[in-house]
*Asks:* 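Here's a structure for you.
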Amino acid sequence: MASRPEFCITTAIPYANGKPHIGHAYERIATDAIARFQRLDGRDVFFITGMDEHGLKMQQTAGKEGITPQLLADRTAAQFDEMGTLLNARADHVIRTTEPRHYEASRAIWEAMEKRGDIYLAKYSGWYSVREEAYFDEGEIATGADGARLSPNGTPVEWVEEESYFFRLSAYAERLLAHYEANPQFVTPAHYFNEIKAFVHRGLQDLSISRTTFNWGVPVPGNDKHVMYVWVDALTNYITACGYPDTTARDWHYWPADAHVIGKDITRFHSIFWPAFLMSAGIEIPKQIVVHGFLFNRGEKMSKSVGNVISPETLASHYGVDQLRYFFLREVPFGHDGNYSHEAIVNRTNADLANDLGNLAQRSLSMINKNCEGRAPVPGDLTAADREILDAAYALPAKTREAMKEFALHQMLADIWKVVADANRYFAGEEPWAKRKTDFARMGTILWTTAEVIRVVAIMAQPVIPASAEKLLDLVGVAADARKFANATSASAITGGSVLPTPVPVFPRYVETEQVNGEGPKPKSA
RNA sequence: GGCGGGGUAGCUCAGUUGGUUAGAGCACGGGAAUCAUAAUCCUGGGGUCGGGGGUUCGAAUCCCUCCCCCGCUACCA
């Protein structure tokens, strides 16, 4: 059915009880960049995101605001939708867990697990802290001075027994380990995979997968007193999006997903619970769990009490969408935690985008515009220097594919910008402005070579800075249908004599506005 | 406590079959050029490679020990 290789990628689905923050923006941008990369590389890409809208917290947050959980979910979903548009990172498909089709999918996977014999009804019991809304193990409980039982955080706990459905997770430890063994890249980076393996090696207990203390969730089939544990419901979104349980659905062929992009805090849910559920239900397991780190504001977690909360919209509007995308993906080694600050963003985007790439384009295209009647020069014989820089550019598709195998977006950008830096050295070394007077034809060859390098670089940079790359490609006269990675070769090179538009700067420099204390306007605390 | 990761230039980091004067980018100093978004190019300074001990002709790289930081150690998501 599919004529092209497929690539299905997802973000985690944000919990809908709060508006988007930097972490959500980062994950969406990174996933979008990967999706765009694969699409430009010729794959049939299905990019899924969604919203996790059930659970106690939703019910509580809505209650505090005096609205229904559904209304809260609708409001938050709209905010995330706007974020996707703003960041130029819209997904192909958005799945919300309150949709009827998702109820159907959740019931179906539950029934499949039940049919397998992996779900049973029992009592969940333990020491429960009402204040912390959490259970604690016997070993964690301390006895206070008055003999009262206390949680590790000092809050009173009481013995609670609750009827609950359990998933026979304990039966899956060995199958999971076998799967890890057979798929050494299942969780990446390896650091997180090791922790998961260690966790499973210690043995798995059965998992409580229903709740009776609230009702904002998917009812358990055949027992309305229970709603499904929010993770059963949430993880299932990925297959709902592909049409489950209808395996003849239009998009079912995209499953299993090639990559679930997630934050490091939810690695366990995606690497242990989710594969176990799928094994039980007889559904294929996603190929890779791709874990990213957290972003910190000057090393500190963003929080209201610290007063360093900044919205993605603020950053995007202040520095530019592509600038923000570039900064996040270039500055933070993917899979690691990272930091952002006003200085770091300005430094990075000015240096790489405005100075290196933007200025290279402007200086070369301006010369073409002024000296070649606005037409791409016809190159003469290429010198060794010309060939060297061109070959470096033409090597980028293969090189960046290697980086993308490891989801090393930062490495991909480093590879591309190495060519940009070399192109600046090439340009300065060849001095086309001097050749203009001594060897006009040679000047044309230098300018053509530089424009050709810019063409290839712009094609390769599209996943990260889509809007800006599009402008650059317009400036070097590339047709809309010639912007795939397959076009990043000499076969699609700029045709000498073709008309080019008047160049305009693509990346504005960020200039600090002078103030008494030397600090310009900037997003609060950035 | 257990398991794992890490401490290398002002900043972010690269650097393991041990080997010539320890590297990159950014930041900083000097110079060149003037096509260009005061952008670019060249060049320089700067590091007891966490502390100590050991193996070796030779260690950031191997061994021992000590100090410090971080992650995981299940049902809030």
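Order of the sequence lines sets the chain letters (A, B, ...), proteins ahead of strands, with each chain counted from 1.
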*Asks:* Quantified in whole Å, what is the P atom distance between nucleotide B:A24 and nucleotide B:G46?
*Replies:* 14 Å
*Asks:* Applying the Watson-Crick and G-U wobble criteria at under 3.5 Å, what pairs with B:C62? Answer none if nothing qualifies.
*Replies:* B:G54
*Asks:* If we take the P atom in both B:C69 and B:C28, what is their distance in whole Å?
*Replies:*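 Straight-line distance between the two P atoms is 33 Å.
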*Asks:* Looking at every strand, decide which applies to A:L169 at a 4.0 Å heavy-atom threshold: base, sugar-phosphate, or nothing.
*Replies:* base
*Asks:* Checking only heavy atoms, does the side chain of A:N359 share a donor-acceptor pair with the base of B:A36 at less than 3.5 Å?
*Replies:*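 Check passes, donor-acceptor contact within cut-off.
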*Asks:* Roughly how far apart, to the nearest Å, are B:C3 and B:C11 at atom P?
*Replies:*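 Roughly 33 Å separates the two P atoms.
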*Asks:* What is the distance, rounded to the nearest whole Å, between atom NZ of A:K57 and atom C1' of B:C76?
*Replies:*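 The answer, rounded to whole Å, is 4 Å.
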*Asks:* Starting at the 5' end of RNA chain B, which residue's closest nucleotide do you reach first, A:Y192 or A:I266?
*Replies:* A:Y192
*Asks:* Going by the rule side chain to side chain donor-acceptor pair (under 3.5 Å), which residues pair with A:N17 if we only count those two or more places apart in sequence or in a different chain?
*Replies:*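 Residues passing side chain to side chain donor-acceptor pair (under 3.5 Å) with A:N17: none at all.
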*Asks:* Looking across every strand, which nucleic acid part, if any, lies under 4.0 Å from A:G263 by heavy atom: base, sugar-phosphate, or nothing?
*Replies:*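 If one applies the 4.0 Å heavy-atom cut-off, A:G263 turns out to touch nothing in the nucleic acid.
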*Asks:* Judged by each residue's nearest nucleotide on RNA chain B, which is more toward the 5′ side, A:F507 or A:E331?
*Replies:* A:E331
*Asks:* Just the rounded figure in Å: distance from C1' of B:C26 to OH of A:Y326.
*Replies:*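 Checked: the OH to C1' distance equals 12 Å.
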*Asks:* Applying ring-ring contact (aromatic ring centres under 6.0 Å, His included), name anything that partners A:F199, two or more places apart in sequence or on another chain.
*Replies:*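 Partners of A:F199 by the ring-ring contact (aromatic ring centres under 6.0 Å, His included) criterion come out as none, since no residue qualifies.
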*Asks:* Under 4.0 Å, heavy atoms only, any strand: does A:D265 hit a base, just the sugar-phosphate, or nothing?
*Replies:*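 Since a base atom lies under 4.0 Å of A:D265, the category is base.
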*Asks:* Could you work out the separation of B:A32 and B:C68 based on their C1' atoms and round it to a whole Å?
*Replies:*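 These two C1' atoms come out 47 Å apart once rounded.
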*Asks:* With sequence neighbours left out, what residues match A:F273 under ring-ring contact (aromatic ring centres under 6.0 Å, His included)?
*Replies:* A:F269
*Asks:* Just name whichever nucleotide pairs with B:A9, Watson-Crick or G-U, keeping both distances under 3.5 Å, else none.
*Replies:* none
*Asks:* Between B:A74 and B:A14, how far is it from one P atom to the other, in whole Å?
*Replies:* 30 Å
*Asks:* Which part of the nucleic acid, if any, lies within reach of A:D337 when heavy atoms closer than 4.0 Å are counted: base, sugar-phosphate only, or nothing?
*Replies:* nothing
*Asks:* Starting at atom CZ of A:R202, determine the distance to atom P of B:G4, rounded to an integer number of angstrom.
*Replies:*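 It works out to 11 Å between those atoms.
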*Asks:* For atom P, what is the distance between B:A60 and B:G47, given to the nearest Å?
*Replies:* 16 Å
*Asks:* Report which part of the nucleic acid A:A354 touches: base, sugar-phosphate, or nothing (heavy-atom distance under 4.0 Å, all strands).
*Replies:*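 The residue A:A354 makes base contact.
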*Asks:* Any side-chain N or O of A:R509 less than 4.0 Å from the OP1 or OP2 oxygen of B:A39?
*Replies:*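 Yes, A:R509 has a side-chain N/O under 4.0 Å of OP1/OP2 on B:A39.
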*Asks:* Within this structure, what is the CZ-to-C1' distance between A:F269 and B:A74, rounded to whole angstrom?
*Replies:* 8 Å
*Asks:* Between atom CD in A:E195 and atom C1' in B:G4, what is the gap in whole Å?
*Replies:* 7 Å
*Asks:* Should the pair A:R348-A:D352 be classified as a salt bridge under the 4.0 Å nitrogen-to-oxygen rule?
*Replies:* yes
*Asks:* Could you tell me which residues satisfy ring-ring contact (aromatic ring centres under 6.0 Å, His included) with A:F507, sequence neighbours excluded, listed by chain and number?
*Replies:* none
*Asks:* Look at the side chain of A:R425 and decide which nucleotide, out of B:C42, B:U37, B:C75, has an atom nearest to it.
*Replies:*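 When the side chain of A:R425 is considered, B:C42 is the closest of B:C42, B:U37, B:C75.
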*Asks:* With sugar-phosphate meaning primed atoms plus P, OP1 and OP2, does A:N194 contact a base, only sugar-phosphate, or nothing at under 4.0 Å between heavy atoms?
*Replies:*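 No contact.
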*Asks:* Please name the nucleotide paired to B:G71 by Watson-Crick or G-U wobble geometry with both distances under 3.5 Å, or report none.
*Replies:* B:C3
*Asks:* What is the pairing partner of B:G18, taking Watson-Crick or G-U wobble pairs with both distances under 3.5 Å in any strand?
*Replies:* none
*Asks:* For residues 227-238 of chain A, which residues have at least one heavy atom under 4.0 Å from RNA chain B?
*Replies:*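 Of all residues in residues 227-238 of chain A, the ones placing a heavy atom under 4.0 Å from RNA chain B are A:Y229, A:V230, A:W231.
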*Asks:* Who passes side chain to side chain donor-acceptor pair (under 3.5 Å) against A:H260, sequence neighbours left out?
*Replies:*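 A:H260 satisfies side chain to side chain donor-acceptor pair (under 3.5 Å) with A:T10, A:W274 only.
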*Asks:* Please report the distance, rounded to the nearest Å, between CG in A:N347 and P in B:A39.
*Replies:* 12 Å
*Asks:* Please pick, from B:U37, B:G5, B:C41, the nucleotide with the shortest atom-to-atom distance to any side-chain atom of A:H191.
*Replies:* B:G5
*Asks:* Over all strands shown, is A:L447 touching base, sugar-phosphate only, or nothing at heavy-atom distances under 4.0 angstrom?
*Replies:*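 Nothing, no heavy atom under 4.0 Å.
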*Asks:* Expressed as a whole number of Å, how far does the C1' atom of B:C35 sit from that of B:U17?
*Replies:* 50 Å
*Asks:* Can a salt bridge be assigned to the pair A:E430 and A:R425 using a cut-off of 4.0 Å between side-chain N and carboxylate O?
*Replies:* no
*Asks:* For A:T267, what residues pass the side chain to side chain donor-acceptor pair (under 3.5 Å) criterion, not counting sequence neighbours?
*Replies:* none
*Asks:* Give me the distances for all protein-to-nucleotides 32-35 of chain B N/O pairs that come in under 3.5 Å?
*Replies:*
unit_1: B:C35; atom_1: O2'; unit_2: A:R363; atom_2: O; d: 3.2
unit_1: B:C35; atom_1: O2; unit_2: A:R363; atom_2: NE; d: 3.1
unit_1: B:C35; atom_1: N3; unit_2: A:R363; atom_2: NH2; d: 2.6
unit_1: B:C35; atom_1: N4; unit_2: A:R363; atom_2: NH2; d: 3.3

*Asks:* Side chain of A:N424, heavy atoms from C-beta onward: which of B:C76, B:C26, B:U40 has the nearest atom to it?
*Replies:* B:U40
*Asks:* Between A:D352 (CG) and B:U40 (C1'), how many Å, whole number?
*Replies:*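 A:D352 atom CG is separated from B:U40 atom C1' by 14 Å.
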*Asks:* Distance between the C1' atoms of B:G18 and B:C57, in whole angstroms?
*Replies:* 12 Å
*Asks:* From the options A:T236, A:N237, A:T97, A:D233, select the one residue that forms a side chain to side chain donor-acceptor pair (under 3.5 Å) with A:H102.
*Replies:*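 One option only clears the test, and that one is A:D233.
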*Asks:* Of all residues at least two apart in sequence or in a different chain, which pass the salt bridge (Lys or Arg N to Asp or Glu O under 4.0 Å) check with A:E431?
*Replies:*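 For A:E431 there are no salt bridge (Lys or Arg N to Asp or Glu O under 4.0 Å) partners, ignoring immediate neighbours.
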*Asks:* Write down the distance between CZ (A:F296) and P (B:G71), rounded to a whole number of angstrom.
*Replies:*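 Checked: the CZ to P distance equals 8 Å.
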*Asks:* Can you confirm whether or not the ring centre of A:Y510 sits under 6.0 Å from the ring centre of A:H342?
*Replies:*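 Yes: the rings meet the under 6.0 Å criterion.
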*Asks:* So if I take every side-chain heavy atom of A:F199 and compare against B:A74, B:A77, B:C75, which nucleotide ends up nearest?
*Replies:* B:A74
*Asks:* What I want to check is whether the side chains of A:R363 and A:N424 have a donor and an acceptor closer together than 3.5 Å.
*Replies:*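 Present: a donor and an acceptor within the cut-off.
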*Asks:* Considering Watson-Crick and G-U wobble pairs with both distances under 3.5 Å, what does B:G46 pair with?
*Replies:*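 Because no pair has both required distances under 3.5 Å, B:G46 counts as unpaired.
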*Asks:* Verify whether one side chain among A:T11 and A:T31 offers a donor that lies under 3.5 Å from an acceptor in the other.
*Replies:* no
